[in-house]
Q: 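So that we are looking at the same thing, I have put the structure below in structure tokens.
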Amino acid sequence: MHEEAGVSQAKKRESWEWIKALVIAVLLALLIRTFLFAPFIVQGESMETTLHNHEKLVVNKAIYFMREPKPGEIVVFHADATRDYIKRVIAVAGDRVEVKDDQLMVNGKVVEEPYLERKEERAKEQGELHFTYDFPPVEVPQGHLFVMGDNRLNSEDSRVIGPIEVSSVVGRAEFTFWPISQTRFTR
């Protein structure tokens with residue numbers, strides 16, 4: 001009888017340890033997803049050929065607690081209450097951005113965009129005269145970013161919705177993880 005009570009106590013302690021371990025694991029997962037990293041699914045073709053429709057990637061949510069987004073980074077942001085977008089940062093507060101003759105210019109200087117080369121070639125092969133239509137200079141207000149998709153002919157970005165608030169940025173796209181055969185860093 002005394003032995004059964006000892007076994008019962010041992011089972012209770014083991015059960016309690018498992019419960020504590022599971023609660024800690026769930027709390028850690030929630031903290032990591034809330035403050036550090038989160039998965040994101042690319043929806044649409046606005047970032048082709050850099051990112052593809054239905055690819056899954058990891059978003060670094062912690063980086064912008066330490067610093068502001070920089071031009072060239074790919075960010076996820078809240079476009080509205082129900083949708084998140086993924087675009088490339090083109091310009092930051094105080095910058096003046098425009099496109100003339102398919103040339104992106106920030107503060108009067110042409111911006112090299114090597115990530116667009118394949119997409120531009122495909123557009124020209126398909127008979128498109130322009131890859132990025134001209135738009136007049138836009139000054140990015142304080143607390144905002146100017147973002148554009150890499151698929152300039154098929155992207156709802158700052159040219160349409162205007163500069164976005166820095167506070168709407170969820171985080172920086174770090175790498176794709178699905179499909180596994182396409183795993184890569186997104187820079």
Side-chain angles (χ1 to χ4, degrees), residues 40-60 63-64 68-80 82-179 182-187:
F40 180 80
I41 299 172
V42 177
Q43 295 183 350
E45 299 172 351
S46 72
M47 286 299 292
E48 291 278 349
T49 59
T50 305
L51 298 171
H52 307 285
N53 193 26
H54 302 297
E55 279 188 317
K56 294 179 181 162
L57 52 93
V58 171
V59 174
N60 179 342
I63 190 161
Y64 298 134
E68 296 282 316
K70 295 179 181 178
E73 294 179 334
I74 298 172
V75 297
V76 172
F77 63 96
H78 300 305
D80 59 38
T82 60
R83 294 181 302 165
D84 288 343
Y85 282 179
I86 185 163
K87 306 291 179 197
R88 189 177 299 275
V89 176
I90 300 300
V92 296
D95 286 344
R96 190 174 161 97
V97 62
E98 67 181 305
V99 169
K100 275 188 188 173
D101 300 322
D102 265 347
Q103 293 291 310
L104 173 66
M105 293 185 288
V106 175
N107 299 324
K109 296 178 183 164
V110 173
V111 176
E112 296 297 321
E113 298 181 284
Y115 44 84
L116 296 183
E117 289 172 1
R118 289 183 295 164
K119 193 65 182 166
E120 285 177 326
E121 288 169 10
R122 285 187 192 166
K124 304 277 186 205
E125 287 170 5
Q126 294 172 353
E128 292 289 342
L129 297 177
H130 298 283
F131 182 64
T132 307
Y133 292 104
D134 290 358
F135 63 88
V138 174
E139 186 155 335
V140 183
Q142 287 301 316
H144 288 74
L145 303 169
F146 195 93
V147 296
M148 293 171 71
D150 288 357
N151 186 356
R152 301 288 163 77
L153 295 174
N154 186 19
S155 179
E156 186 175 322
D157 50 38
S158 289
R159 296 171 294 167
V160 176
I161 63 174
I164 64 159
E165 293 183 18
V166 172
S167 62
S168 71
V169 174
V170 174
R172 180 176 75 188
E174 293 295 336
F175 61 90
T176 63
F177 66 89
W178 193 263
Q182 300 295 317
T183 299
R184 67 194 180 285
F185 287 100
T186 58
R187 295 180 207 140

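Because the structure is predicted, anything quoted here is derived from the model rather than measured.
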Q: What verdict does the side chain to side chain contact (heavy atoms under 4.5 Å, CB included) test give for M148 and E113, after you've listed the backbone C-alpha separation in whole Å, the side-chain angles of each residue and the deciding distance to 0.1 Å?
A: CA-CA 12 Å; M148 293 171 71; E113 298 181 284; over 6 Å; no
Q: Taking the side chain as everything from C-beta on, heavy atoms only, tell me whether P71 gets closer than 4.5 Å to V92.
A: yes
Q: Which pair of non-hydrogen atoms, one from V106 and one from I90, has the smallest distance, and what is that distance?
A: CG2-O, 3.8 Å
Q: Where is the tightest heavy-atom contact between K87 and S46, given as atom of each residue plus distance?
A: NZ-OG, 2.8 Å
Q: According to the ring-ring contact (aromatic ring centres under 6.0 Å, His included) rule, which pairs have a member within residues 140-159, sequence neighbours left out?
A: F135-F146
Q: Under the ring pair (Phe, Tyr, Trp, His ring centres under 6.0 Å) rule, collect the residues that match up with F177, sequence neighbours excluded.
A: none
Q: Got V42 and H52 here, is their nearest side-chain heavy-atom distance under 4.5 Å?
A: no
Q: How far apart are the closest heavy atoms of L145 and S158, and which atoms are they?
A: O-OG, 3.9 Å
Q: Under the rule for side-chain hydrogen bond (donor to acceptor under 3.5 Å, both in side chains), what residues qualify as partners of E156, not counting sequence neighbours?
A: Y85
Q: About how many Å separate CG of L51 and CD1 of I74, when rounded to the nearest 0.5 Å?
A: 5.0 Å
Q: Is a side-chain donor or acceptor of N107 paired with a backbone partner of R96 at a separation under 3.5 angstrom?
A: yes
Q: Step by step, work out the side chain to side chain contact (heavy atoms under 4.5 Å, CB included) result for E48 and N154.
A: CA-CA 9 Å; E48 291 278 349; N154 186 19; over 6 Å; no
Q: Sequence neighbours left out, what passes side-chain hydrogen bond (donor to acceptor under 3.5 Å, both in side chains) with D157? Give chain and number order.
A: S155, R159
Q: Rounded to the nearest 0.5 Å, what separation is found between the NZ atom of K56 and the OG1 atom of T176?
A: 12.0 Å
Q: Please give me the minimum heavy-atom distance between E55 and P179, naming the atom from each residue.
A: CG-CD, 4.2 Å
Q: To the nearest 0.5 Å, what is the distance between NZ (K70) and OH (Y64)?
A: 9.0 Å
Q: Side-chain donor-acceptor contacts of residues 160-169 below 3.5 Å, not counting sequence neighbours, with atom names and distances?
A:
unit_1	atom_1	unit_2	atom_2	d
E165	OE1	S167	OG	3.2
S168	OG	E165	O	2.7

Q: Nearest heavy-atom pair of D84 and H78: which atoms, and what distance?
A: OD1-ND1, 2.6 Å
Q: Can you list everything that forms a salt bridge (charged side-chain N to carboxylate O under 4.0 Å, His left out) with E73? Sequence neighbours excluded, please.
A: R67, R172
Q: Any chance you could measure E139, atom CD, to D95, atom CG, to the nearest 0.5 Å?
A: 8.5 Å
Q: For a 4.5 angstrom cut-off between non-hydrogen side-chain atoms, does N60 reach V58?
A: no
